[in-house]
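Take a look at the structure set out below.
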Amino acid sequence: MTDLAEGLRLPTNALDYSILVLYFAVVLGVGFAARASVRTSLDFFLSGRSLPAWVTGLAFVAANLGALEILGMAANGAQYGVYTVHWYWVGAIPAMVFLGLVMMPFYYGSKVRSVPEFLLHRYGRSSHLLSSIIFSVASVLIAGVNLYAMAIVVEALLGWPQWVAIVVAGLFVLAYITLGGLSSAIYNEVLQFFVILAALIPLTVVGLKRVGGWSGLNDALTDRYGPNFTSAWGGTGIGSQNPLGANWLTIVLGLGFCLSFGYWTTNFAEVQRALSARNLSAAQRTPLIAAYPKMFIPLIVVVPGLIALVVEPGLGTEKSGLQYNDAIPLLMRDLLPNGVLGVAVTGLLAAFMAGMAANVSSFNTVFTNDIWAAYVKTGRPDGYYLLTGRVVTAIGVLGGMGTAFIASSFSNIMNYLQTLFSFFNVPLFCVFIIGMFWRRATPAAGFWGLLSGTVAAMINYFWLYKGHVISIPSDQGANFVSAIVAFVFGGVVMVTVSLFTAPKLVESLAGLVYGTTSPGMAEPPAAGDDAWYRRPALLGWGAIVLAALCYVPFSL
């Protein structure tokens with residue numbers, strides 16, 4: 001594992017450490033407070049389905065505001081430029097709206113505890129077990145990304161070796177999730193959301209002032225990298241060259257559809273927040289409420305990556321010894337005074353804990369309910385599964401510590417994450433969407449579609465791309481192509497297998513396929529639910545229109 005450059009050691013003092021210690025004390029306090037409400041396994045895994053929409057909505061966006069966004073998107077901004085905004089306005093908002101308007105009624109109405117459990121009802125045990133195993137492995141790998149990112153900051157703050165930082169950070173996350181389960185994770189994510197904003201907004205404002213505002217930043221980057229580096233769509237014509245190594249077709253299909261919908265609609269680390277809402281209306285509003293702050297996150301995550309490229313022109317080169325992942329710590333060292341630095345460090349650590357907690361809490365739910373309780377130890381008392389969930393949480397954290405060392409081998413952790421999503425989330429989305437809209441999709445098709453899509457993505461990435469059989473300009477461009485391959489190949493296999501195997505009885509698909517209903521899905525609105533701000537469709541279309549308007553400054 002490469003050590004963080006010695007020159008990135010942050011000049012912290014007693015004031016910064018005091019802010020950090022206070023925050024950690026509050027986080028543990030929330031864990032102890034939430035423990036009193038955990039009496040059953042449903043309380044531990046889904047907060048008893050009792051949380052209001054505004055809480056689950058903020059937790060929904062905060063759960064994703066971990067290493068994926070803070071270090072990963074800043075690194076993406078430094079490496080690929082303004083093209084990174086596509087991960088938000090093409091690669092997030094439409095899928096979040098689709099989840100709220102179309103998929104949540106199926107998830108929440110069927111009363112499932114996890115995403116793989118939905119596949120159990122729709123396809124059967126083979127697809128259920130395979131998806132549970134795939135998701136469990138992916139969750140631990142992604143939790144490792146957050147731990148590694150957290151270790152970078154702890155190393156810069158305290159000078160600890162990264163392996164020590166990984167172990168200490170992992171044990172702390174383990175403590176508060178084990179105490180309070182999902183409720184502890186969600187309420188801490190709401191707190192972490194505001195702490196993260198308090199950390200990144202000053203960093204962006206001071207950074208822009210240092211480089212002469214947006215016009216100064218734009219001029220400096222254009223002079224060095226050309227006009228396309230500061231444009232969202234410039235140079236994305238088919239056959240054109242751009243830093244991202246992708247054209248508009250692979251951006252729209254690979255990122256905007258396959259990767260985006262695959263992540264936001266089937267990643268249980270996100271869906272779990274909506275499933276913990278108190279009713280169907282609140283569950284639908286959860287991703288829609290989250291979509292509004294999500295639109296503006298690029299201003300405090302992508303822009304700092306661009307600023308870091310101007311402040312440190314050698315960023316990402318071997319000569320400088322600085323990886324793209326170092327963009328945020330670099331700005332913190334150079335721009336922030338003590339006190340504000342303490343808030344920034346606290347915000348970063350909060351982000352990484354939120355991301356890891358989201359993946360660990362979803363891992364313990366899927367492994368306990370969908371693997372252990374379904375296939376290993378069935379029919380045990382509820383208390384047994386509650387204890388199992390706590391033990392599995394510890395296993396997930398330990399696994400994350402191990403996979404953190406895999407993440408350290410990538411100079412841009414976003415490349416690593418998108419590779420994982422193309423392998424695991426895209427095939428799962430393919431199986432979901434076909435099964436949700438096509439009654440003829442059979443149990444055998446679900447299993448083979450999921451397996452073949454995953455294998456096809458891996459073959460495309462490791463053999464065709466890494467083996468230089470085909471030429472793709474960048475890792476991210478390869479990820480977009482892998483996502484398209486996974487979806488298309490999985491879909492073709494599903495349709496083919498369905499034509500030669502027997503489907504499930506129509507009666508067994510009630511509430512699982514579009515056009516059918518189950519008793520749990522026809523939930524009458526509560527008093528006052530007809531207000532405009534409670535209508536998912538209005539919230540959803542409003543989010544899409546606002547996201548489209550955000551593109552205007554970067555498209556002219």
Side-chain angles (χ1 to χ4, degrees), residues 2-11 67 69-87 149 152-153 155-157 199-232 234-236 241-246 298-337 340-341 344-345 348 408-416 473-477 553-554:
T2 27
D3 289 332
L4 189 71
E6 183 70 24
L8 268 184
R9 189 64 46 78
L10 302 181
E69 302 218 15
I70 306 300
L71 289 192
M73 285 301 183
N76 247 21
Q79 185 171 1
Y80 301 118
V82 171
Y83 294 106
T84 307
V85 300
H86 292 310
W87 268 268
I152 290 177
V153 178
E155 183 189 23
L157 176 65
L200 295 181
I201 290 175
L203 190 68
T204 305
V205 172
V206 175
L208 281 174
K209 186 176 181 181
R210 168 70 70 90
V211 299
W214 175 255
S215 61
L217 177 65
N218 182 69
D219 292 342
L221 294 174
T222 299
D223 290 343
R224 190 185 311 162
Y225 301 103
N228 289 339
F229 198 80
T230 54
S231 168
T236 59
Q241 298 295 319
N242 61 66
L244 188 58
L299 299 177
I300 58 174
V301 175
V302 179
V303 172
L306 300 174
I307 295 170
L309 207 55
V310 175
V311 173
E312 179 52 64
L315 186 68
T317 63
E318 291 185 10
K319 184 178 180 180
S320 70
L322 295 171
Q323 297 182 338
Y324 291 115
N325 294 330
D326 298 329
I328 294 292
L330 173 75
L331 293 185
M332 290 167 55
R333 180 200 67 183
D334 291 347
L335 303 180
L336 297 183
V340 179
L341 180 60
V345 171
L348 276 184
S408 69
S409 64
F410 287 74
S411 70
N412 182 344
I413 54 177
M414 177 55 69
N415 291 340
Y416 174 56
S474 70
D475 287 345
Q476 289 292 11
F554 301 108

The reported gap from CG in Leu341 to CZ in Arg333 (rounded to nearest 0.5 angstrom) is 11.5 Å
Minimum-distance pair of heavy atoms, taken over all atoms of Phe229 and Gly77 | CZ-O, 4.0 Å
Output the distance between atom CD1 (Ile307) and atom CG (Asp334), rounded to the nearest 0.5 Å.
-> 12.0 Å
Which pair of non-hydrogen atoms, one from Val82 and one from Ala232, has the smallest distance, and what is that distance?
-> CG1-N, 3.9 Å
Over all heavy atoms of both residues, which pair between Leu309 and Leu221 is shortest? Give the atoms and the distance, please.
-> CD2-CD2, 4.1 Å
Separation between OH (Tyr80) and NE2 (His86), nearest 0.5 Å, reads 13.5 Å
Mind listing the closest non-hydrogen atom pair of Leu306 and Gly81 along with its distance?
-> CD2-CA, 3.7 Å
Over all atoms of both residues, closest heavy-atom pair of Gly305 and Ala327 | CA-CB, 4.4 Å
Test item: Tyr225 side-chain N/O and Ala220 main-chain N/O as donor-acceptor pair under 3.5 Å = no
Got Asn76 and Gln476 here, is their nearest side-chain heavy-atom distance under 4.5 Å?
-> yes
Out of Val311, Leu299, Leu335, Thr204, which one pairs with Pro304 under the side-chain contact (heavy atoms from CB on, under 4.5 Å) rule?
-> Thr204
Distance, nearest 0.5 Å, that separates OG1 of Thr230 from CH2 of Trp214 | 6.5 Å
Which pair of non-hydrogen atoms, one from Ile328 and one from Ala74, has the smallest distance, and what is that distance?
-> CG1-CB, 3.7 Å
What's the spacing between Leu200 CG and Met332 CE if we round to 0.5 Å?
-> 9.0 Å
